[in-house]
Amino acid sequence: MTTAAIVEPLDSGLAPATDRESTRLLRRLLRRPVTVVCMVWLAVVVIVAIVAPILMPHVASQNAGNIFKVLQGPSRQHLLGTDSVGRDVLDRLLVGTRVTMLGVVESVFVTLVIGVPAGLAAGYLGGRTDRAIGWLTDLTLSLPGIALVLVVLSIFPSSMLAGMVTLGVILSPFTTRVVRSATLPIREELYIAAAQVSGLSRFYIITRHVLSRILGVVIVLAAIYAATSLVTQTGLAYLGLIVPLPAPSWGGMVGDGISALTNQPWLIWPPGVAMTLTVVAFGLLGDAVRDVTAERWSGARVQRPGRRRAAPMAGAGPSPVAPAPASDALLCVQNLTVRFPSRGSVRVIDDVSFEIAAGETVGLVGESGCGKTVTAMSLLRLLPGDGEIVAGRITFDGRDLASLPEEQLRRVRGREIGLISQEPMVSLTPAFRVGWQLALSVRVHHGVSRRAAQATAIELLRSVHLPDPGLVARLYPHELSGGMAQRVAIARALAGEPKLLIADEPTTALDVTVQAEILELLRELQRDRGMAILLVTHDWGVVADLCDRAVVMYAGQVVEQAELNPLFRRPLHPYTRALLMSDLHNAPDLDHLPSIPGSVPKPGAWPHGCHFHPRCGYATAACRDQPIPLEHPTAGRDTRCIHADQLSVLR
Amino acid sequence: MSALTHSGMWRPAGRMVGHPVVRVVLRRAVLAVPLLFVVSALSFVLSSLAPTNVIDLRLPSGTAAQRAQLARQLGFDQPIYDRYWHWLVHALGGNLGTSYVTGQRVTTEIGQRFPVTLSLVIPTMLVMFVIGVGAGVASAVRGGAVGRAIDTLSLVGFALPGFWVGAVLVSLFAVRLHLFPAIGYVSLAQSPTDWARSMVLPVAALSLLPIAVMARQMREAMMDVLASEHVRMARANGIPPRLIVGRLALKSASMRAVTVGGLQVVGLLTGTLFVEQVFTLPGLGSGLTAAASTGDVPVLQGIVVFFTLIIVVINLAVDLTYTLLDPRMRTS
């Protein structure tokens, strides 16, 4: 009694109930015209399969028709013509539908009856059951399936049931695998755990909760197998192995057509078209169910409604862009705005401006999700997904990278601006040796011979202080440690001798000792080569160590920028101040590390007015009312805060 | 003990076993033994379920005495495990028995039929790799209309049964246009040009499905690789798109081509059954069909075991290619 009381809310609230789920699925499917056409066609086929043999009982046993009218093309009397013994092709096509579809049903039924429970058991129970089922699956997959079907058919001559059941058994491991991998993630979900805790039996949980969730997958599989089985069934019927003559079947009719191919090429078409249309219908239906269920569970549909309307425009069209800068900065970013159309077109970067002088090291600082990496990537126009620069100017060495043609931009990449990423281990192609990949970059940038490129590659490896560069060149990326991989990545970035190096959290993934070495390497390169560095980081220690200046970003905007000394002494934005306070190095007392309450709002959820005001102790009504512009209170300093003068000296 | 293991005598053997290629071969061999055992035992047990069918087929109007004699001759009076043991011992010695129908040794039969199937399967695989990979990569790189066209074509490739396509091809190119022979097989040794002409239509019919599967899988694999971090970093490094696609991404994506290729060969064995029948090619597929319809159990079993061997070899080849393509496989 108590259990039932706990079960009820589980059923109605947390777990999707089977019937509701299936009706929802059906409603979504019916919205697609192609799907409706497929369903109608399949419904017609099924009805014909049931009705035709009842209405035309004589056709199945008809040995010969009018022998004076054999192999005729379509006519008024015989709409699809006559076959090699004068029987009506249309009649046989309609009556032959039953045996064809029956074979499909037999095979699909068997494959699901074996495969679904096996997959559920393997995925839900795991452990030894999983391993045993996995072994059986592997074994079955290595069997010569069709040959075994023929062995069975030699023992049970002309038995379609035996043949199609065997086919179903042979197809079942695919079902097992797919169902297993669909079950695995569901098993980890909260409501399953809740059901387990409340003492429900495994069998009940699997049948009631898990099965309803994988319904879509099972339907997709059923559709695919229906298509496969239909092709195999017609093939076996064509070989004359499963449908004893004179009974009609689609495959048998193709066989009849093939033997009369020289005299009447028409005969292969009616059964061929029927087969193809039915297979296509199953295939498209499967695709549609897959798409619909994917929509359902990925939550992609959330962003669909009112996508255009939801896009908040900064004024009308791109914000007015300042003329090309007069300054002699190496890189000058002005009013950069980036947007992802696939994510509801919200701005991810909003009106970002900053500069980097030649040979200068600038830190781009902020919490995760503030848009630092997106800003860095947009400089090379390498935004992930469909991210696009919708406004702004990126002036580098006199050219606007935001509007430069792709091919010219490619020559800037690597040769004038280098990039190293926060994931050195996956930044090299796994299939090629380190030296080969470096040499490729050298050849691309300098057009030298293979041999010279190889020598340069080894020189580059030496210049990043890798011990035994000749050996490292022969290693594959997976054989490198994180620190080595980052050194190799830096070496590759140096191959084109760039004037600016973008380092996107270059030490985040590394051990502390290795971090220091990499930072030291960067400092040395900066000193020796006079290279400018844009260092993306959330670590003030790294900034203090390496940078001349810092640009602080919050929720897609630059909120402050200044030289390091004045910035550390007296930040002019509450966010910078809070960020500095929460840093280990500035904490007065390690037991009470101050943290900033709340979290960075996601793009699209930015508050009106100052983006930081909900988390800010200085916020007033003015902060909420309207966007805050970037101000220049003193030379070389920018802040996006109207209360900057209230902020006191830190230490 | 440690002196022994470190002495020169032991080292070569140790290195041999540790070598990835040897390891792969050993692992596959360990799997292959139970597999071949299961397959042969399965077909034996199955055929013993209804032994009278064989006798019915061979002696449709025989007397009871004749039938009994045939049953004895075929060994049906012995217990099944005795017969299986008998077969197994002979099979290990390379003797798969004698055909009920032709009286020929099964190995001879397979030896005659295998070249026909090979000359169908090998060109089909070539076509699959060249067109399938090409189309898949092209649609991944170009996207848009090309991608949609290839998706549509692959749906058609999935939907059209090979034997029906074969029939359509014959009616069009052989019967109407007289470009190729409709049916029949000319061996490569007899006349290479006639062989090639006789193979065009069967290969076209057989390769439609594998091309479709390969194109679709390569498209997905290529799109995955092109979206990966290492490709993004290669772009950031200014590597031109043609090198990124042709050198860097293609090698990573080719793993998928090998996997799909291996699976498709297994699928092709099914396809040959139907296509060989349409074009009356005397290969293993039509041998299997004939044996199934005449109840020629030894030939059936022989071909089933041979097919299993082919699958084992293909899986081995796939694994070995992995170790060539992916350096991680070599060291792990």
Side-chain angles (χ1 to χ4, degrees), chain A residues 139 142-148 150-157 227 231-232 234-235 238-241 254 257-258 261-262 265 268 272 275-276 279-280 283-284 380 382 410-415 418-419 421 423 426-432 440-441 444-445 476 478-479 489 492-493 495-496, chain B residues 31 35 38-39 42-43 46-47 49-50 53 155 158-161 163-164 167-168 170-171 175-176 182 228-230 232-240 243 247-248 251-252 266 269-270 273-274 277-278 288-289 291-293 295 297 300-301 303-304 307-308 311-312 315 325-328 331:
Chain A
L139 189 80
S142 314
L143 295 176
I146 194 73
L148 287 179
L150 260 63
V151 169
V152 169
L153 284 174
S154 77
I155 297 148
F156 305 99
V231 171
T232 314
T234 51
Y238 155 68
L239 294 179
L241 292 173
V254 174
I258 289 176
L261 207 53
T262 359
I268 57 171
M275 284 177 338
T276 308
V279 176
V280 168
L284 288 177
L380 287 170
L382 286 172
R410 185 183 70 69
R411 290 171 196 283
V412 174
R413 292 182 190 140
R415 203 170 301 181
L419 173 71
S421 74
E423 292 174 276
V426 292
S427 72
L428 292 157
T429 306
F432 293 93
L440 180 71
S441 293
V444 165
H445 295 312
Y476 285 97
H478 74 278
E479 295 170 312
R492 179 166 73 169
Chain B
L31 280 176
L35 183 66
V38 165
V39 167
L42 199 65
S43 54
L46 284 174
S47 54
L49 285 178
N53 289 333
L155 181 71
F158 279 115
L160 296 177
F163 66 98
W164 184 69
V168 171
V170 168
S171 100
V175 175
R176 188 166 307 171
S228 69
E229 174 70 8
H230 66 83
R232 200 171 65 105
M233 290 307 287
R235 288 180 62 204
N237 201 244
I239 309 288
L243 283 180
R247 297 302 312 260
L248 298 176
K251 191 169 173 189
S252 304
V266 179
L269 295 181
T270 308
L273 220 71
F274 308 120
Q277 189 76 13
V278 175
L288 202 58
T289 309
S293 38
V297 175
L300 262 176
Q301 268 167 357
I303 297 183
V304 168
F307 271 11
T308 313
I311 295 174
V312 167
N315 284 338
L325 285 176
D326 191 344
R328 280 168 295 193
T331 42

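Order of the sequence lines fixes the chain letters, A, B, ..., with proteins taken first and strands second; residue numbering starts at 1 for each chain.
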Just so I understand: if I count every heavy-atom pair under 4.5 Å between each of B/F158, B/F307, B/W164 and chain A, which residue has the most?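 Maximum pair count with chain A is reached by B/W164.
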
Among B/L31, B/V266, B/V278, which residue has the highest count of heavy-atom pairs closer than 4.5 Å to chain A?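 The residue among B/L31, B/V266, B/V278 with the greatest pair count is B/V278.
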
Side chain proximity check, [X] to [Y], heavy atoms < 4.5 angstrom:
X	Y	answer
A/V444	B/N237	no
A/S441	B/I239	yes
B/L248	A/L440	yes
B/L273	A/L150	yes
B/S228	A/V426	no
A/S142	B/V312	no
A/L239	B/F274	yes

Tell me, side chain or backbone of A/R411 under 4.5 Å from chain B's heavy atoms, or both, or neither? neither

Residue A/V254 versus chain B: region with a heavy atom under 4.5 Å: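 Side chain only.
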
Suppose we screen for side-chain hydrogen bond (donor to acceptor under 3.5 Å, both in side chains). Which residues come up paired with B/S43, at least two apart in sequence or across chains? none

How close do A/L380 and B/A236 get, counting heavy atoms only, and between which atoms?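 Looking at all heavy atoms of both residues, the closest pair is CD1-CB, 4.3 Å.
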
For B/I311, is it the side chain, the backbone, both or neither that has a heavy atom under 4.5 Å from a heavy atom of chain A?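 Contact with chain A: side chain only.
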
Return the set of residues passing side-chain contact (heavy atoms from CB on, under 4.5 Å) with A/L139 (not counting sequence neighbours), or none when no residue passes.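 Listed in chain order: A/W135, B/L35, B/V38.
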
Rounded to the nearest 0.5 Å, what's the gap from CE on B/M233 to CG on A/L428? Could you check? 8.5 Å

